[in-house]
Amino acid sequence: MKQTDFLVIGSGIAGLSYALKVAQHYPDKRVLVITKTRIDETNTKYAQGGIAGVTDFEHDSYDKHIQDTLIAGDGLCNPHTVEIVVTEGPERIKEIIEWGTRFDKDAEGDFKLGKEGGHSEFRILHHKDVTGKEIERALLDTVGKQKNIEINKHWFVLDLITQHHLGYLVTKSTPDIECYGVYALDQHTNKIVKILSKITLLATGGNGQAYRTTTNPTIATGDGVAMVYRAKGRIENMEFIQFHPTALYEPGVSPSFLITEAVRGDGGILRNNKGEAFMEKYDERKDLAPRDIVARAIDSEMKRAGTEHVWLDCRHMDKTKFVEHFPNIYEKCRSIGIDISTQFIPVAPAAHYSCGGIKVDEWGHTSITHLYACGECSSTGLHGANRLASNSLLEALVFSHRCYLDSVQKVDRIVFQQDIPDWNAEGTTEPDEMILITQSLKELQLLMSDYVGIVRTHTRLQRASKRLDLLHEEIESLYETTAVSPQLCEVRNLITVGYLIVKEAQFRKESRGLHYNTDYPQKSIILQNIVL
Ligand code: FAD
Ligand code: SIN
């Protein structure tokens with residue numbers, strides 16, 4: 001058993017920035033960070049384009065950033081959350097700069113600001129095209145110096161501990177569900193450890209692995225969302241899965257390599273199989289329309305021509321500038337034989353970001369007491385029906401700060417719950433057929449991509465729902481009889497995530513933002529967040 005004042009699950013931007021703040025605030029309290037694989041293997045590390053934030057007040061304003069976010073969110077953003085994130089964001093960006101993050105600057109020492117889809121101004125701070133790697137590096141360097149932070153790598157959190165584990169019946173209508181900590185699998189010893197905590201923060205990231213083609217690394221399996229759902233907490237807006245318009249088309253390679261939207265911000269043009277620039281047919285903002293519009297336009301061009309990708313044309317762009325801003329992309333293209341100054345880049349949409357997730361309020365409280373959530377696993381109301389590019393790193397920083405402010409005031413009033421039983425592994429045996437797990441994952445990814453992708457229909461969702469029921473039944477019976485492993489738990493979590501996406505998509509009888517259903521092509525006049 002372990003005991004800690006603050007338990008942080010996840011070592012991306014959300015988890016590490018929260019851990020640092022609480023540890024600095026209370027140098028005598030213990031902060032335990034758990035991460036399921038290598039410490040830096042996170043969605044954060046792969047962020048390319050950058051972090052949106054108003055820093056150039058001569059051309060930009062909070063008002064413009066707020067408007068851009070609201071327009072992208074297509075009516076479903078919570079305006080109060082948008083205001084919080086946009087106005088508090090610049091202060092949080094200053095902090096990560098103080099912690100050592102280096103954003104690109106020009107000769108005068110001003111930030112070189114990028115532009116992406118849906119932004120009316122240049123406002124994206126970046127470190128070349130590897131912004132996330134730079135942020136993760138700076139955070140890990142600073143965390144490493146903080147003596148009261150312990151990091152457990154290769155530990156897999158299985159479930160939240162609540163009254164359910166004390167023998168009480170807990171349902172969605174139980175008024176005060178409490179979190180006492182988690183059960184986690186220490187992958188070094190293969191033992192399941194009970195970790196008691198006063199405060200628990202979920203910063204478990206996204207769920208792109210529910211789809212066959214995704215920009216997300218293999219850790220993105222929606223574990224936090226699935227755990228909260230099992231613990232009877234509230235989940236919302238899962239139907240809004242953002243597909244990034246331009247992942248590099250490389251059959252057989254997973255995850256997909258991203259070609260940042262900032263390339264289009266600097267002048268890249270999408271072209272169809274005939275070489276025509278097609279975006280003007282779909283939106284007056286052309287290649288820099290919000291992502292839902294561009295991804296749907298690409299999908300439609302691919303379906304019309306029967307192709308598996310479209311092209312991104314960068315031939316007209318200044319090569320020296322391209323290499324300076326996008327060295328990682330330039331190198332990747334070169335490594336597969338594409339010279340961006342003479343050839344097109346093949347690109348196709350890929351599952352990229354989960355706009356919904358664990359429902360939280362403006363201080364990051366989930367519906368479960370002493371349990372906070374921030375970062376991509378949470379649903380704060382910022383993104384509504386479609387996230388504005390580069391707003392997620394910003395949201396993670398603003399909300400990890402708010403979770404910190406709230407939780408440090410509460411921690412001393414919470415006592416450890418001592419009567420928690422150990423994990424019960426009775427009746428389970430070591431898995432002898434990994435194929436059962438790997439095949440379930442493949443089936444899930446296929447059905448989600450084919451039936452619950454960019455364009456949905458009533459019949460496709462119904463089919464997906466039936467197939468998911470079967471997968472659910474099979475994985476639950478495997479789970480009851482087999483010793484737990486990260487692979488088994490991840491597939492089980494992804495099936496839960498798939499179920500939530502499909503259910504919420506079925507409830508939404510309209511097309512809005514990232515949810516496009518040809519049976520309900522119009523927007524409803526009733527604005528609603530769908531909560532399960
Ligand atoms: P992550 O960084 O994903 O961290 C999740 C952590 O949780 C990991 O440490 C993982 O090990 C841990 N974890 C999960 N489950 C468990 C478990 N069961 N047990 C233990 N540990 C667990 N956003 C922008 O704003 N700008 C960009 O330019 C941008 N570019 C992107 C490019 C790519 C290719 C991708 C994939 C995303 C991009 N995004 C971008 C989105 C952004 O990177 C993510 O939303 C953000 O980094 C998520 O941070 P996080 O801290 O919430 O989660
Ligand atoms: C990108 O660089 O295009 C990704 C930005 C984001 O997902 O916010």
Side-chain angles (χ1 to χ4, degrees), residues 7-18 33-53 114 116-119 124-127 129-133 135-136 139 151-160 182-185 187 201-209 214-227 242 244-248 255-265 291 294 326 329 350-355 357 373-378 383 387-397 399-400 486 489-490 493:
L7 173 62
V8 180
I9 305 164
S11 57
I13 188 170
L16 291 182
S17 56
Y18 172 83
V33 177
I34 297 197
T35 180
K36 65 180 172 177
T37 63
R38 290 202 322 272
I39 190 160
D40 66 343
E41 189 54 6
T42 58
N43 272 11
T44 300
K45 186 173 84 173
Y46 296 92
Q48 288 192 358
I51 180 163
E116 293 175 20
H119 288 273
I124 295 161
L125 290 94
H126 55 87
H127 180 91
D129 55 355
V130 285
T131 309
K133 198 169 170 193
I135 293 176
E136 186 73 17
L139 284 169
I151 301 187
N152 286 359
K153 293 170 261 181
H154 299 281
W155 279 56
F156 188 96
V157 174
L158 302 166
D159 259 322
L160 301 170
V182 302
Y183 292 111
L185 174 70
Q187 295 176 69
L201 176 92
L202 287 171
T204 48
N207 55 38
Q209 286 292 325
T214 176
T215 62
N216 290 192
T218 52
I219 56 109
T221 55
D223 300 349
V225 167
M227 282 189 258
Q242 184 170 73
H244 195 292
T246 56
L248 181 65
S256 301
F257 181 85
L258 186 72
I259 306 292
T260 174
E261 207 157 278
V263 170
R264 277 176 283 132
R291 272 185 199 168
V294 182
F326 309 112
I329 292 173
H352 181 63
Y353 185 84
S354 172
C355 293
C374 63
E376 188 167 342
C377 68
S378 67
H383 309 307
R387 175 182 65 110
L388 183 66
S390 288
N391 261 358
S392 47
L393 295 172
L394 189 72
E395 180 198 41
L397 286 178
F399 269 83
S400 69
C489 294
E490 286 181 343
N493 290 337

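All residue numbers in this chain count up from 1 along the given sequence. Counting convention: from 1, in listed order, for ligands and their atoms alike.
Heavy atoms of Thr246 found under 4.0 angstrom from ligand 2: none, in either backbone or side chain. Contacts of Leu393 with ligand 1, taken as heavy-atom pairs under 4.0 Å, involve both backbone and side chain. Residue contacts with ligand 1 for Trp155 involve N, CA, C or O but no side-chain atom from C-beta outward (heavy atoms, distance under 4.0 Å). Residue Lys45 does not touch ligand 1, judged by heavy-atom distances below 4.0 Å. For Arg387, every heavy-atom contact with ligand 1 shorter than 4.0 Å involves the side chain, none the backbone.
Atom numbering of ligand 2 starts at 1 in the shown order; those under 4.0 Å from a heavy atom of Glu261 are 1 (C), 2 (O), 3 (O). The contact set between ligand 2 and Leu258, taken as ligand atoms under 4.0 Å from a residue heavy atom, comprises 1 (C), 2 (O), 4 (C). Atoms of ligand 2 found under 4.0 Å from any heavy atom of Arg387 (numbered from 1 in listed order, with element): 6 (C), 7 (O), 8 (O). Listed by atom number, the atoms of ligand 1 under 4.0 Å from Asn216 heavy atoms are 36 (C). Here is the list of ligand 1 atoms found below 4.0 Å of a heavy atom in Tyr353: 45 (O). With ligand atoms numbered from 1 in the order given, ligand 2 contributes 8 (O) to contacts under 4.0 Å with heavy atoms of Ala389. Of all atoms in ligand 2, listed by their number and element, those nearer than 4.0 Å to a heavy atom of Glu116 are 5 (C). Heavy-atom proximity to Gly375, at under 4.0 Å, picks out these atoms of ligand 1: 52 (O). Interface atoms of ligand 2 facing His352, defined by a heavy-atom separation under 4.0 Å, are 4 (C), 6 (C), 7 (O).
Ion pair Arg387/Glu395 not flagged as a salt bridge, since none of the NZ, NE, NH1 or NH2 atoms sits closer than 4.0 Å to an Asp/Glu carboxylate oxygen.
Nearest protein heavy-atom neighbour of atom 51 (O) of ligand 1: Ala14 N, 3.0 Å. For atom 31 (C) of ligand 1, the closest heavy atom belonging to the protein is Ala47 CA, 3.3 Å. When only non-hydrogen protein atoms are considered, atom 1 (C) of ligand 2 lies nearest to Thr260 OG1, 3.3 Å. The nearest heavy-atom contact from the protein to atom 42 (C) of ligand 1 is Ser392 OG, 3.7 Å. Ranking protein heavy atoms by distance to atom 18 (N) of ligand 1, first place goes to Asp223 OD2, 2.8 Å. Closest to atom 53 (O) of ligand 1 among all protein heavy atoms lies Gly205 CA, 3.3 Å. The shortest contact between atom 5 (C) of ligand 2 and any protein heavy atom is with Arg291 NH2, 3.0 Å. Scanning the protein heavy atoms around atom 32 (C) of ligand 1, the nearest turns out to be Tyr46 O, 3.3 Å. Annotation: atom 19 (N) of ligand 1 to nearest protein heavy atom, Val157 N, 2.9 Å. Closest to atom 7 (O) of ligand 1, if we only count protein heavy atoms, is Gly10 CA, 3.2 Å.
The option from Glu136, His352, Met227 that lies nearest to atom 35 (C) of ligand 1, judged by heavy atoms, is His352. The residue from Gly50, Gly49, Cys489 that puts a heavy atom closest to atom 26 (N) of ligand 1 is Gly50. The option with the heavy atom closest to atom 48 (C) of ligand 1, from among Gln242, Glu376, Lys153, is Glu376.
Atom CG of Asn152 is separated from atom CD1 of Ile34 by 5.5 Å, given to the nearest 0.5 angstrom. Between atom CG of residue Asp223 and atom CD of residue Gln209 there is a gap of 11.0 Å, rounded to the nearest 0.5 Å. Atom CG of Leu202 is separated from atom SG of Cys377 by 5.5 Å, given to the nearest 0.5 angstrom. Separation of atoms SG (Cys489) and CZ (Phe156) is listed at 5.0 Å; rounding is to 0.5 Å. A distance of 12.0 Å separates CD in Glu376 from CD1 in Ile13, rounded to the nearest 0.5 Å. The structure places CG of Leu158 at 8.0 Å from CE of Met227, a figure rounded to the nearest 0.5 Å.
An N or O contact shorter than 3.5 Å links Lys36 to ligand 1 by distance. For a threshold of 3.5 Å applied to N or O pairs, the pair formed by Gln48 and ligand 2 contains no separation below that value. For the pair Asn43 and ligand 1, the shortest N or O to N or O distance falls below 3.5 Å. Residue Asn391 has no nitrogen or oxygen atom sitting less than 3.5 Å from a nitrogen or oxygen atom of ligand 2, judged on distance alone. In terms of polar-atom proximity, defined here as any N/O pair under 3.5 Å, Ser11 does make such a contact with ligand 1. Looking at ligand 2, you won't find any N or O of Gly50 less than 3.5 Å from one of its N or O atoms.
Using modelled atom types, no side-chain atom of Ser354 and backbone atom of Gly206 make a donor-acceptor pair closer than 3.5 Å. Of the possible polar contacts, none joining the Ser17 side chain to the Leu397 backbone as a donor-acceptor pair under 3.5 Å is found. Judged by distance alone, the side chain of Glu490 and the main-chain N or O of Thr221 form no donor-acceptor pair under 3.5 Å. Judged by distance alone, the side chain of Glu261 and the main-chain N or O of Gly117 form a donor-acceptor pair under 3.5 Å. No side-chain donor-acceptor contact under 3.5 Å links Asp129 to the backbone of Thr260.
Thr131 does not count as a contact of ligand 1, since none of its heavy atoms falls under 4.0 Å from the ligand. At least one heavy atom of Ala203 sits less than 4.0 Å from an atom of ligand 1. Residue contact check for ligand 2: Ser390 places a non-hydrogen atom closer than 4.0 Å to it. Using a 4.0 angstrom heavy-atom cutoff, Ser390 counts as in contact with ligand 1. Residue Leu258 places a heavy atom under 4.0 Å from ligand 1.
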Check the pair Leu16 / Glu136 against side-chain contact (heavy atoms from CB on, under 4.5 Å), numbers first and verdict last.
-> CA-CA 9 Å; Leu16 291 182; Glu136 186 73 17; 3.7 Å; yes
Could you walk me through whether Lys36 and Thr204 pass side-chain contact (heavy atoms from CB on, under 4.5 Å), step by step?
-> CA-CA 10 Å; Lys36 65 180 172 177; Thr204 48; over 6 Å; no
Passes side-chain contact (heavy atoms from CB on, under 4.5 Å), His352 versus Arg291? Steps please.
-> CA-CA 11 Å; His352 181 63; Arg291 272 185 199 168; 3.4 Å; yes
Passes side-chain contact (heavy atoms from CB on, under 4.5 Å), Thr215 versus Tyr353? Steps please.
-> CA-CA 9 Å; Thr215 62; Tyr353 185 84; over 6 Å; no
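For the 3.5 Å distance criterion, the side chains of Thr131 and His126 fail to qualify, holding no donor opposite an acceptor.
When each of Lys45, Lys133, Lys153 is tested with Asp40 by the rule salt bridge (Lys or Arg N to Asp or Glu O under 4.0 Å), just one qualifies, namely Lys45.
Contact of the Pro217 side chain with the Asn43 side chain is registered, since non-hydrogen atoms from C-beta on lie closer than 4.5 Å.
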